[in-house]
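All residue numbers in this chain count up from 1 along the given sequence.
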Amino acid sequence: MESNCINIGYLFKMSIGNANSGFNEDNVSTLKKITLPDGSTLPYISGQAIRRSIRDKFLEVGFKISPLQDPRTNEDIIKETKTKSPDFTECDPITYIDDDLFGFMRAVTGDNRKRTSPVRVSPAIGIYPFQNNRDLGTKSSEQTREKAASGGAMFETEITYNYFSGSILIELDRIGKFVGMELNKKDGFELDGKTKAMRLSALINAIEHLWGGGKQTRLLTDISPKFVAYTRQSSKHPIFLETLQTKQNAVGSINVNLLNNAFNANESIIQKKLVGYLPGFFGNDIEIKQIFNDILNIDECLNQIREDIERVYTG
């Protein structure tokens, strides 16, 4: 059967950070969190925030990003009112890599169309519960009022030390392929295989060197993967969503048996499998190598992922 998707599961560590804030509570900048049935909370970074970081990386390496447009009409602007429609991009997936990979929605009179993203990004979920840690800061008035005690607004930021697990599912049969409705035309259009491979290679490059999110000026955070699992599949199924974890009783040790069970359970749809990690980063290197005897250094793993994608599109 022909491959129609790839899955990428990944793990990264955040030493101290707040890469994606929730609502402020008084002078406290909170973390985004999800509450578990036992009442504990896990921090997470939203899929939207991760996609934004990937877009920023595209821009950093020289891609043209689809420009945002204001949905207000001239009449709206004169009245100083906003329409309910959010800002939208140029909605041109032929020209712009992000309109292709991440989709778009345009809702204006005479031009209502959307493209569902062929790149599906899960939130990156913290594996260990939030411990109510906070960073204390102050906006000092020492220079303007001669001493800091004269002013200086105190504020706090929730922070976490955690390992995060994320997953990305990419629909290979939709990258660079557009139906007429998405282009506001009668006929669809399909990019050549070389362009498709180039765009997905750029996505892998962005993931490999990913950083970003909030509070980066004082809480610089690296969210690039330190462990990667990759599959090319004949059926669209996000097999890494619940199966790429670290051990609860051994912080920083990967649950290799759970991941291996996921590979075995989905053997009938997996056509290519790769696993890569940063040696020495996790606490059970020997066990990892025993279970995955063909495991690669993470840079070589990502190189082979790019090569596999190129073979899919260019032969």
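Ring planes of Phe12 and Phe164: parallel class, angle under 30° (limits at 30 and 60°). By the 30° and 60° cut-offs, the orientation of the rings of Phe58 relative to Phe102 is parallel.
Following chains of ILVMFWY side-chain contacts shorter than 4.5 Å, one cannot reach Ile54 starting from Leu169, and the two form parts of different hydrophobic clusters. Cluster membership check: Val228 does not share its hydrophobic cluster with Ile288, using side-chain heavy-atom separations under 4.5 Å among Ile, Leu, Val, Met, Phe, Trp and Tyr. Using a 4.5 Å cut-off between side-chain heavy atoms of Ile, Leu, Val, Met, Phe, Trp and Tyr, with links allowed through other members, Ile125 and Tyr10 fall into different hydrophobic clusters. Using a 4.5 Å cut-off between side-chain heavy atoms of Ile, Leu, Val, Met, Phe, Trp and Tyr, with links allowed through other members, Val61 and Leu101 fall into the same hydrophobic cluster. Taken together through direct or relayed side-chain contacts under 4.5 Å among Ile, Leu, Val, Met, Phe, Trp and Tyr, Val121 and Phe240 form parts of separate hydrophobic clusters.
Gln271 approaches Ser234 most closely through the heavy-atom pair NE2-CB, 3.6 Å. Taking each heavy atom of Ile298 and Pro225 in turn, the nearest pair found is CD1-O, 3.1 Å. For the pair Arg113 and Met181, the tightest heavy-atom approach, listed with the atom from each and the gap, is CB-O, 3.4 Å. Scanning both residues, Ser66 and Asp98, for their nearest heavy atoms gives N-OD1, 3.1 Å. Heavy-atom minimum distance, Glu158 versus Phe130: CD-CZ, 3.8 Å. Contact between Asn27 and Met154 at its shortest, heavy atoms only, is ND2-O, 3.1 Å.
Not one N or O on the side chain of Asn255 forms a donor-acceptor pair closer than 3.5 Å with the backbone of Thr246. Under a 3.5 Å cut-off, the side chain of Asn284 and the backbone N or O of Ile254 do form a donor-acceptor pair. In this structure, Thr314 contributes its side chain and Gly193 its backbone to no donor-acceptor pair below 3.5 Å. Within the 3.5 Å criterion, the main-chain N or O of Leu31 finds a donor-acceptor partner in the side chain of Lys33. Listed for the Glu171 side chain is no donor-acceptor partner under 3.5 Å among the backbone atoms of Asp173. Using a distance-only test at 3.5 Å, with no hydrogens or angles considered, a donor-acceptor pair links the side chain of Ser122 to the main chain of Ser167. Gln131 contributes a side-chain N or O that, together with a main-chain N or O of Pro129, makes up a donor-acceptor pair within less than 3.5 Å. Side-chain atoms of Asn297 do not come within 3.5 Å of backbone N or O of Pro279 as any donor-acceptor pair.
Counting heavy atoms of neighbouring residues, nucleotides and ligands inside a 6.0 Å radius, atom CD of Glu310 does not exceed 12 of them. No more than 12 heavy-atom neighbours from other residues, nucleotides or ligands sit within 6.0 angstrom of NZ on Lys177. Within a 6.0 Å sphere centred on CG of Asp38, other residues, nucleotides and ligands contribute more than 12 heavy atoms. No more than 12 heavy atoms of other residues, nucleotides or ligands lie within 6.0 Å of CD1 in Ile286, so this atom counts as exposed by the packing criterion.
Judged as a ring-ring contact (aromatic ring centres under 6.0 Å, His included), not a single pair has a partner in residues 171-216 (not counting sequence neighbours).
Between Lys64 and Thr95, the side chains place no donor N or O within less than 3.5 Å of an acceptor N or O (distance only, hydrogens not considered). Side chains of Ser29 and Lys215: a donor-acceptor N/O pair is present below 3.5 angstrom, by distance only. A side-chain N or O of Asp99 and one of Thr89 form a donor-acceptor pair less than 3.5 Å apart.
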Worksheet item: Stepwise, does the side-chain contact (heavy atoms from CB on, under 4.5 Å) test hold for Phe227 with Ile295?
Response: CA-CA 10 Å; Phe227 185 98; Ile295 193 167; 4.2 Å; yes
Practice prompt. Could you please spell out the steps behind the side-chain contact (heavy atoms from CB on, under 4.5 Å) verdict for His237 and Ile269?
Written response: CA-CA 9 Å; His237 179 204; Ile269 64 172; 4.2 Å; yes
Item to complete: Using the side-chain contact (heavy atoms from CB on, under 4.5 Å) rule, take Asn162 and Leu42 through it: C-alpha gap first, then chi angles, then the decisive distance, then the call.
Response: CA-CA 10 Å; Asn162 219 315; Leu42 297 178; 5.7 Å; no
Item to complete: Give the intermediate values and the outcome of side-chain contact (heavy atoms from CB on, under 4.5 Å) for residues Ile239 and Ile270.
Response: CA-CA 10 Å; Ile239 67 173; Ile270 294 175; 4.0 Å; yes
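Counting heavy atoms from C-beta on, the side chains of Arg306 and Glu208 come closer than 4.5 Å. By the 4.5 Å heavy-atom criterion applied to side chains, Arg232 and Ile6 are counted as neighbours. Looking at Arg55 and Phe63, their side chains never come closer than 4.5 Å, going by heavy atoms from C-beta outward.
Taking CZ from Arg120 and NZ from Lys236, the interatomic distance works out to 7.5 Å, rounded to the nearest 0.5 Å. Atoms CG and CD, from Leu172 and Glu2 in turn, are 9.0 Å apart once rounded to the nearest 0.5 Å. Considering CD of Glu90 and CZ of Phe104, their distance stands at 10.5 Å, rounded to 0.5 Å. Once rounded to the nearest 0.5 Å, the distance linking CD1 of Ile207 with CG of Leu302 reads 8.5 Å. To the nearest 0.5 Å, the span separating CD on Gln233 from SG on Cys5 amounts to 4.0 Å. Put simply, OG1 on Thr221 and CE on Met14 are 5.0 Å apart, with the number rounded to the nearest 0.5 Å.
Under a 4.5 Å side-chain heavy-atom cut-off, the cluster of Ile, Leu, Val, Met, Phe, Trp and Tyr residues that includes Leu219 is completed by Ile16, Ile159.
When the options Ile8, Val275, Ile204 are evaluated for a side-chain contact (heavy atoms from CB on, under 4.5 Å) with Tyr230, the one that passes is Ile8.
Between Arg115 and Asp100 there is a salt bridge, with a side-chain nitrogen of the basic residue lying less than 4.0 Å from a carboxylate oxygen of the acidic one. Ion pairing between a basic and an acidic side chain is recognised when a charged N comes within 4.0 Å of a carboxylate O; Asp56 and Arg52 show such pairing. Between Asp308 and Lys272 no salt bridge is recorded (no basic side-chain N to carboxylate O distance below 4.0 Å).
Judged as a side-chain contact (heavy atoms from CB on, under 4.5 Å), and not counting sequence neighbours, the contacts of Ser46 are Asn20, Lys32, Tyr44, Gln48, Ala49. With sequence neighbours left out, Lys13 forms a side-chain contact (heavy atoms from CB on, under 4.5 Å) with Ser15, Tyr161, Tyr163, Phe281. Residues passing the side-chain contact (heavy atoms from CB on, under 4.5 Å) test with Ala262, sequence neighbours excluded: Thr243. Under the side-chain contact (heavy atoms from CB on, under 4.5 Å) criterion, Glu300 pairs with Leu296, Asn303, Gln304, not counting sequence neighbours.
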